[in-house]
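Reviewing the structure listed below.
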Amino acid sequence: MSNTALEQALEQARELDQADPLAGWREAFWIPQHENGQPQTYLVGNSLGLQPKRLAEYMNEELSHWRELGVEGHFHGPRPWMSYHEGLREPMARLAGAKPAEVVAMNALTVNLHLLMVSFFQPRGARNRIVIERQPFPSDRYAVESQIRFHGLDPDECLVELGAESDRRLVDEEQLEDYLAREGDRVALVLWPGVQYATGQSFDLARISRAARAAGARVGFDLAHAAGNVPLSLHDAGADFAAWCSYKYLNSGAGSVSGVFVHERHHGSDDLPRFHGWWGCDPEQRFMMGPDFVPAAGADAWLLSNSHILSMAPVRVSLEMFEEAGYEALRRKSRAMTGFLEELLRAQVDDLVEIITPADPGRRGAQLSLAVRAGREAGRRLFGHLTRHGVVGDWREPDIIRVAPVPMYNRFEDCWNLVRRLDEGRHI
Ligand SMILES: Cc1ncc(COP(=O)(O)O)c(C=O)c1O
């Protein structure tokens with residue numbers, strides 16, 4: 001990059017930051033520091049979101065209820081623990097584009113995918129396949145393989161992976177539609193990501209749901225990289241189920257509680273198998289201690305255990321902040337910032353990295369995945385250079401650097417800083 005181009009790009013980034021109506025939200029987060037005492041250029045909100053400053057107060061409230069009320073905290077205080085998860089329902093429904101009864105917060109993501117597959121993967125005769133994309137997050141692959149084996153079936157026969165051999169290539173909905181048109185009567189379940197973790201590609205969930213349901217299959221989504229990143233309308237999309245974690249774009253802390261969606265057409269259904277626990281009981285019955293399980297209405301019937309209060313408090317903070325900032329405003333900034341980064345990368349370091357994420361802003365969220373053209377070894381050196389200068393992305397084998405400018409706390413200047421350090425990295 002010539003010095004002039006670099007200076008001009010910095011000026012432009014600073015102007016964009018100044019004009020950004022959401023710029024003030026950065027102050028609401030703890031930004032980790034680099035060893036030189038400056039804030040890191042933190043571009044891994046797609047992996048672990050940053051801690052909101054107001055979280056300590058919300059956590060302390062729960063700690064003091066526990067300290068002062070003991071077991072009575074279940075029934076007293078401003079947010080009694082008995083019904084704590086209820087307080088997350090409405091904002092979580094708005095996040096997911098769902099009806100309130102269709103969502104519930106519980107467990108962790110892989111646990112929930114298993115619980116949902118207990119209900120929605122019901123192999124019958126020849127209809128015994130699960131269709132996934134070829135590069136799923138490993139936990140999803142382990143989960144579906146073990147579900148297939150649990151039914152006494154063989155993953156070599158029942159697990160179908162769609163997409164190109166190369167990890168650079170994107171899968172499109174058409175490939176899935178073509179497969180379902182040919183083999184749909186063999187498919188019991190389609191399990192698909194909302195946003196693909198390695199490439200950053202986002203999918204048309206309505207189109208996928210339509211194709212799966214037309215083939216007579218169930219359809220569920222892993223929204224780990226979509227929740228809090230791209231707009232969701234799960235109810236209208238017609239998904240049977242979905243689950244997401246809250247520690248990435250939702251900033252709720254490592255391992256924090258997951259969200260679940262079950263479409264209302266399945267509520268109260270008698271023909272879905274489901275694992276049961278006391279918290280999934282109708283709240284009127286929960287403490288009757290009777291032997292018979294009377295399910296709660298809606299997605300709550302999938303609840304097993306009493307609420308993880310200390311991991312739901314961060315979700316409460318997070319959803320509150322998203323609503324204050326506004327989903328539409330966040331998405332607008334996200335598109336602008338990722339677009340700015342993309343343009344700068346293409347203009348300045350196109351010879352160094354290939355952007356494998358789709359160029360169409362409607363086909364991606366915040367994340368861009370950069371394949372290092374010179375291969376793994378050069379890529380590791382480049383990544384090391386970024387890290388030494390406080391630019392935090394993440395490395396995915398064999399040669400991909402993932403970065404996600406997050407609209408809540410990243411600045412346009414962070415995008416510039418990444419490109420500057422990449423550009424310098426060509427000389428190391
Ligand atoms: C796409 C995807 N699915 C599943 C998981 C597993 O999540 P958990 O460890 O919360 O079960 C992750 C974790 O990062 C993920 O990115």
Side-chain angles (χ1 to χ4, degrees), residues 43-50 88 92 95-96 103-118 120-121 130-147 159 161-163 167 170-171 189-203 205 208 219-230 232 234 239 241-261 275 302 304-305 307-308 310-312 314-315 318 356-357 364-369 392-397 400-404 406:
L43 295 169
V44 279
N46 57 323
S47 181
L48 185 74
L50 290 179
L88 303 181
M92 217 163 62
L95 164 85
V103 294
V104 66
M106 62 186 201
N107 312 315
L109 174 54
T110 308
V111 176
N112 286 336
L113 289 174
H114 272 299
L115 292 174
L116 291 161
M117 281 194 277
V118 163
F120 293 102
F121 175 51
I130 301 183
V131 180
I132 58 173
E133 37 109 16
R134 195 184 295 277
Q135 306 285 337
F137 191 78
S139 195
D140 291 28
R141 171 192 291 280
Y142 308 147
V144 294
E145 277 183 4
S146 59
Q147 287 279 334
L159 181 57
E161 299 165 83
L162 295 182
D167 57 354
L170 310 171
V171 198
L189 173 68
V190 174
L191 181 67
W192 212 257
V195 172
Q196 216 282 345
Y197 84 100
T199 64
Q201 178 184 13
S202 71
F203 294 96
L205 306 192
I208 291 172
V219 56
F221 293 102
D222 174 344
L223 301 179
H225 289 262
N229 179 22
V230 293
L232 294 170
L234 290 175
F241 70 90
W244 55 94
C245 60
S246 57
Y247 43 80
K248 299 178 185 291
Y249 295 95
L250 293 175
N251 308 316
S252 298
S256 184
V257 77
S258 158
V260 158
F261 164 89
F275 285 173
W302 274 262
L304 296 181
S305 297
S307 299
H308 321 195
L310 297 181
S311 122
M312 286 189 181
V315 178
S318 166
I356 61 172
T357 310
R364 69 184 184 205
Q367 176 184 329
L368 292 181
S369 299
V392 188
D394 68 11
W395 176 260
R396 282 288 172 270
E397 295 292 347
I400 293 177
I401 297 172
R402 297 188 311 173
V403 286
V406 167

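Count residues from 1 along the sequence. In listed order, ligands and their atoms are each counted from 1.
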Contacts of L48 meeting side chain to side chain contact (heavy atoms under 4.5 Å, CB included) (sequence neighbours excluded), chain-then-number -> Y42, Y247, A254

Rounded to the nearest 0.5 Å, the CE atom of M106 sits from the CG atom of L88 at a distance of 13.5 Å

At a 4.0 angstrom heavy-atom cut-off, ligand 1 is contacted by L109, T110, F137, D140, D222, A224, H225, Y247, K248

Sorted by chain and number, sequence neighbours left out, side chain to side chain contact (heavy atoms under 4.5 Å, CB included) with H308 holds for N107, V257, S311

Interatomic distance, CG@L113 vs CZ@F121, rounded to 0.5 Å, equals 14.0 Å

Legend entry - Check: S256 side chain, S246 main-chain N or O, donor-acceptor pair, under 3.5 Å: no

Which atom pairs, one a donor and one an acceptor, fall under 3.5 Å between side chains of residues 138-145 and the rest of the protein, sequence neighbours left out?
{"residue": "S139", "atom": "OG", "partner": "T110", "partner atom": "OG1", "Å": "2.8"}
{"residue": "R141", "atom": "NH1", "partner": "E161", "partner atom": "OE1", "Å": "3.2"}
{"residue": "R141", "atom": "NH2", "partner": "E161", "partner atom": "OE1", "Å": "2.3"}

